[in-house]
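Take a look at the structure set out below.
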Amino acid sequence: METQGEPPIKKSNFIIDLVEADLDSNRYDGRVQTRFPPEPNGFLHVGHAKAICLNSSIANDYSGVFNLRYDDTNPVTESTEFVASIKDDLQWLLGEELKTVPLHTSDYFKQLYLWAEDLIMKGKAYVDDQDVKTISKQRGGFQETGLNSPYRDRGTEENLHLFREMRAGKFYEGECVLRAKIDMGHDNMNMRDPIMYRVKTEEHFRTGKEWNIYPTYDWAHGQSDAIEKVTHSLCSLEFESHRELYNWFLDQLEITGNQRPYQTEFARLNFTYTVLSKRLLKYLVEDKIVDGWDDPRMPTLRGFRKRGYPAVAVRNFCEHIGVAKTNGTHEIELLESFIRNNLNQNAERRMAVLNPLKVTITNWPEGHVDMRQAINNPEDESAGTREIPFTGSLYIEREDFMENPEPKYYRLAPGREVRLRYGYFITCNKIVKDKEGNVTELLCSYDPETSGGKAPDGRKVKATIHWVSAEHALEGSAVLYDRLFSTEHPGAETGEPLDDINPNSKTLRECIKLEPSIGDLTRGSVVQFERLGYFHPDEEIPLLFHRTVGLRDEWANIVKRR
RNA sequence: UGGCCCGUAGUUCAACUGGCAGAACGCCUGGUUUUGGUCCAGGAGGUUGCAGGUUCAAGUCCUGCCGGGCCAGCCA
């Protein structure tokens, strides 16, 4: 895996400790096997990225095996659309094709079924004819013990017969279920005779109409791990209380020794200024708050991709944050710093003006075009140079001029001299305004002696600003993205995250001015528009750019502090 | 007022298993710079949730509190 020159911080976390301890004790004969088990009912987001990176890097670091396993046990919510997108996003994130073919829980339906019969015969499972409500009520509460189902003590033969009929499609949905027979008075609610199978008539996207009953997560998960010979079954904290059941099932099936996986939980990833819950993300899409699952503002991997986040930067981020059992929220700035770090090294620089202000150089020789040489990437000499036409009629950024400059504002102002990057020093002599008093044009003079960017007399300028020649400029557009939510912890105040949606998270800038070489940019690559930020060319629309992330901005900090 | 889990700079994590509490990001100051970017140097920021106990020595072990999270789907 690429590391792009990151300082080699030795990784240390409680999961690595466990893996190494198991290696030391030879628990699995030196094997390490992990898996990423998404349900194919939605798109992957950064939260999943953490789990993917964790599982795949543990397998990588210890010469183990990492599998993608679709946890497709619920035909009503799952579809092939998601199967495809998950694999696609996963490979994008990992930066390579999967080394193993994707697995499916549905591949194990037969084995799971046989094991269920096994449990029935051991008197450890029974068919319950009660409906959802009744079962739920009987489960009791945290402080009250549950009630045994009247069907709990059915005979083995009757259970077997009923279960086979369930499979044969003799029952309607909700008519009956198969339950593990554990303990209705257990402190852990998951142990109060959990459901193993339920009837579902919906067609499964892989097994079609073959099955009328489907295993629940609890019944399928640990057994699937065991079938695949997973060693370390990593999942998020919310499954902590399911671990006891995970182990109980393996106990009943007498899966032991180096064939027996064990579950370890870690904290899922959270970020400031966004949400990662499936429900909320779905709302954003369906209520058209965003333009789709791949909207660059979305924390989905598709969104990241469209926004121009390099996959390796996301991986490095995941590597860096490590894992722990503390539920917390990462500052989004940390992710952004990894994005910038990568892009600073790799993105070519270009000049673009997003909010153009006309500048006329009054002493420029009429019709003269001066080709200026510019460095493509100061961090990477091999990126070479390019030429940019300089003329007497330019556009500069409106924000780079202030009629009445505030303290510490270094850029252009009446009577002030600045440097045009790769061009000359210019001085603002006159402001042209329209009837409403808006500045429409600046009349400036240039100093021909400053062609090299320095004045022979040694005088300094405080600022260097970017520009584009008016007659050579390409016209395009840019979309500027801001945080999707306006508060660090959406919903912290009202309890409803949607109350904190930032109404200005997307700004379209049309008629932006681009230096000519931008027309030749290769698709997919991210460029830095100097002094503005990193921009990702849209995959379809020419000269449309998505702002990946802005540059760090000292001036913005100064303004904010006021 | 059940059970399980978690509390270390603002944030997220380390601390070789009892031996001088560190890093990254963020913030601040200075330097370099034809990007107010990058880079370099430095700084602030901690009663390790609280209170006891064991020990020459406790973030680490013990006890008790406090705070937070998760669990009562035929979702995963």
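Letters A, B, ... are given to chains in the order of the sequence lines, protein chains preceding strands, and every chain is numbered from 1.
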field: Chi-based syn or anti call at B/U47, which uses purine or pyrimidine torsion atoms and a 90° bound
entry: anti
- request: Indicate, with a heavy-atom threshold strictly under 4.0 Å, whether A/Arg372 touches base, sugar-phosphate, or nothing.
  value: nothing
query: Does A/Lys454 put a side-chain nitrogen or oxygen below 4.0 Å from OP1 or OP2 of B/U34?
result: yes
Interatomic distance, A/Glu530 CD vs B/U38 P [rounded to whole Å]: 13 Å
statement: The nucleotide from B/C5, B/G36, B/A76 with an atom nearest the side chain of A/Lys325 is B/C5
task: Look at the side-chain N and O atoms of A/Asn41 and state whether any lies under 4.0 Å from the OP1 or OP2 oxygen of B/A76.
output: no
Inter-nucleotide C1' distance (B/A24, B/G31), Å rounded: 23 Å
message: Within the 4.0 Å heavy-atom criterion, would you say A/Thr134 contacts the bases, only the backbone, or no part of the nucleic acid?
response: nothing
query: Under the 6.0 Å and 45° cation-pi test, does A/Arg179 pair with A/Tyr151?
result: no
message: Tell me which nucleotide, if any, is Watson-Crick or G-U wobble paired with B/A72 when both distances must be under 3.5 Å.
response: none
- request: Return yes if the base of B/G3 and the side-chain atoms of A/Gln143 contain a donor-acceptor N/O pair under 3.5 Å, otherwise no.
  value: no
- prompt: Mind checking the P distance from B/G26 to B/G37? Whole angstroms is fine.
  reply: 12 Å
- prompt: Within this structure, what is the NZ-to-C1' distance between A/Lys11 and B/A15, rounded to whole angstrom?
  reply: 18 Å
message: Check this one for me: any side-chain N or O of A/Arg552 less than 4.0 Å away from OP1 or OP2 of B/U38?
response: yes
task: Compare the minimum distances between each of B/G36, B/U35, B/C25 and the side chain of A/Leu334, then state the nucleotide with the smallest one.
output: B/C25
task: May I ask you to decide whether A/Glu406 forms a salt bridge with A/Arg562, counting only side-chain N to carboxylate O separations under 4.0 Å?
output: yes
message: Tell me whether the side-chain N/O atoms of A/Lys200 come closer than 4.0 Å to OP1 or OP2 in B/C75.
response: yes
- request: I would like to know whether A/Phe401 and A/Val359 meet side chain to side chain contact (heavy atoms under 4.5 Å, CB included); could you show each step before the answer?
  value: CA-CA 11 Å; A/Phe401 172 78; A/Val359 166; over 6 Å; no
query: Between A/Thr487 and A/Glu493, does any side-chain donor sit less than 3.5 Å from a side-chain acceptor?
result: no
message: Could you identify the nucleotide paired to B/G7, looking across every strand shown and requiring Watson-Crick or G-U wobble geometry with both distances under 3.5 Å?
response: B/C66
- request: Assess the side chains of A/Thr450 and A/Arg419: does a donor N or O sit below 3.5 Å from an acceptor N or O?
  value: no
statement: A/Ile465 CD1 to B/G36 P, in whole Å, measures 10 Å
- request: Kindly state whether the ring of A/Phe163 and the ring of A/Tyr113 have centres lying under 6.0 angstrom apart.
  value: yes
- request: If the plane angle is over 60° it's perpendicular, under 30° parallel, otherwise tilted; pick one for A/Trp219 and A/Phe249.
  value: perpendicular
- request: Show the numbers, then the answer: is there a side chain to side chain contact (heavy atoms under 4.5 Å, CB included) between A/Leu420 and A/Tyr446?
  value: CA-CA 10 Å; A/Leu420 292 179; A/Tyr446 87 110; over 6 Å; no
Could you list the protein-to-nucleotides 65-71 of chain B atom pairs, N/O on both sides, closer than 3.5 Å?
residue: B/G69; atom: O2'; partner: A/Asn327; partner atom: ND2; Å: 3.2

message: Could you check whether the side chain of A/Gln345 and the base of B/U38 have a donor-acceptor pair of N or O atoms closer than 3.5 Å, going by distance alone?
response: no
field: A/Trp219 CH2 - B/C75 C1' separation (whole Å)
entry: 19 Å
query: Quantified in whole Å, what is the P atom distance between nucleotide B/C25 and nucleotide B/U63?
result: 40 Å
- prompt: B/G73: syn or anti, with syn meaning chi within 90° of zero?
  reply: syn
task: To the nearest Å, give me how far apart CG (A/Asn13) and P (B/U8) are.
output: 17 Å
- prompt: Considering only the C1' atoms, how many Å lie between B/G68 and B/U8, rounded to the nearest integer?
  reply: 16 Å
field: Rounded interatomic separation in angstrom, taking NE2 from A/His320 and C1' from B/U12
entry: 7 Å
- prompt: Is the distance from OP1 or OP2 of B/C74 to the nearest side-chain N or O of A/Ser136 less than 4.0 Å?
  reply: no
field: Side-chain H-bond candidate by donor/acceptor type, A/Glu399 with A/Asn355, under 3.5 Å
entry: yes
message: For B/G36, does the base pair up with any side-chain atom of A/Arg411 as donor and acceptor (N or O, under 3.5 Å, distance only)?
response: yes
query: Are A/Phe43 and A/Phe82 close enough that their ring centres sit under 6.0 Å apart?
result: yes
- request: Would you kindly compare A/Asp131 and A/Leu532 by the position of their nearest RNA chain B nucleotide and give the one closer to the 5′ end?
  value: A/Leu532
- request: Would you kindly compare A/Ala267 and A/Arg421 by the position of their nearest RNA chain B nucleotide and give the one closer to the 5′ end?
  value: A/Ala267
- request: Would you indicate what A/Arg419 reaches in the nucleic acid, counting non-hydrogen atoms under 4.0 angstrom: base, sugar-phosphate, or nothing?
  value: base
- request: May I ask you to verify whether the side chain of A/Arg349 and the base of B/U35 hold a donor-acceptor pair under 3.5 Å?
  value: yes
field: A/Glu379 CD - B/C40 C1' separation (whole Å)
entry: 13 Å
message: Looking at B/C75, I'd like to know if its phosphate oxygens (OP1 or OP2) sit under 4.0 Å from a side-chain N or O belonging to A/Arg279.
response: no
- request: Taking only the side-chain heavy atoms of A/Ser12 (C-beta and beyond), determine which of B/C74, B/A15, B/C25 contains the nearest atom.
  value: B/A15
message: Counting only side-chain heavy atoms from C-beta out, which of B/G7, B/G10, B/C74 sits nearest to A/Glu331?
response: B/G10
- prompt: Between B/U29, B/G7, B/A76, which nucleotide gets closest to the side-chain atoms of A/Thr326?
  reply: B/G7
task: Ignoring backbone atoms, establish whether A/Thr73 has a side-chain N or O less than 4.0 Å from OP1 or OP2 of B/A76.
output: yes
- prompt: What is the distance from CG of A/Leu551 to C1' of B/U35, rounded to the nearest Å?
  reply: 7 Å
- prompt: NA contact type, A/Ile558, heavy-atom cut-off 4.0 Å: base, sugar-phosphate, or nothing?
  reply: base
Inter-nucleotide C1' distance (B/G45, B/G53), Å rounded: 32 Å
- request: Kindly say if A/Arg531 contacts the phosphate of B/G36, meaning a side-chain N or O under 4.0 Å from OP1 or OP2.
  value: yes
- request: Consider only side-chain N and O atoms of A/Thr274 and A/Arg483, and report whether a donor and an acceptor are under 3.5 Å apart.
  value: no
message: Rounding to an integer number of angstrom, what distance separates B/C75 and B/C4 when you compare their P atoms?
response: 28 Å
message: Heavy atoms from C-beta onward define the side chain here; which of B/U17, B/G73, B/C75 lies closest to that of A/Asp17?
response: B/U17
query: Using atom P of each nucleotide, how far apart are B/U60 and B/A9 to the nearest Å?
result: 14 Å
query: If we take the P atom in both B/U35 and B/A44, what is their distance in whole Å?
result: 30 Å
- request: Under a 3.5 Å limit for both distances, which nucleotide forms a Watson-Crick or G-U wobble pair with B/U38, could you say?
  value: none
message: Please confirm whether the ring centroid of A/Trp467 lies under 6.0 Å from the ring centroid of A/Tyr422.
response: no
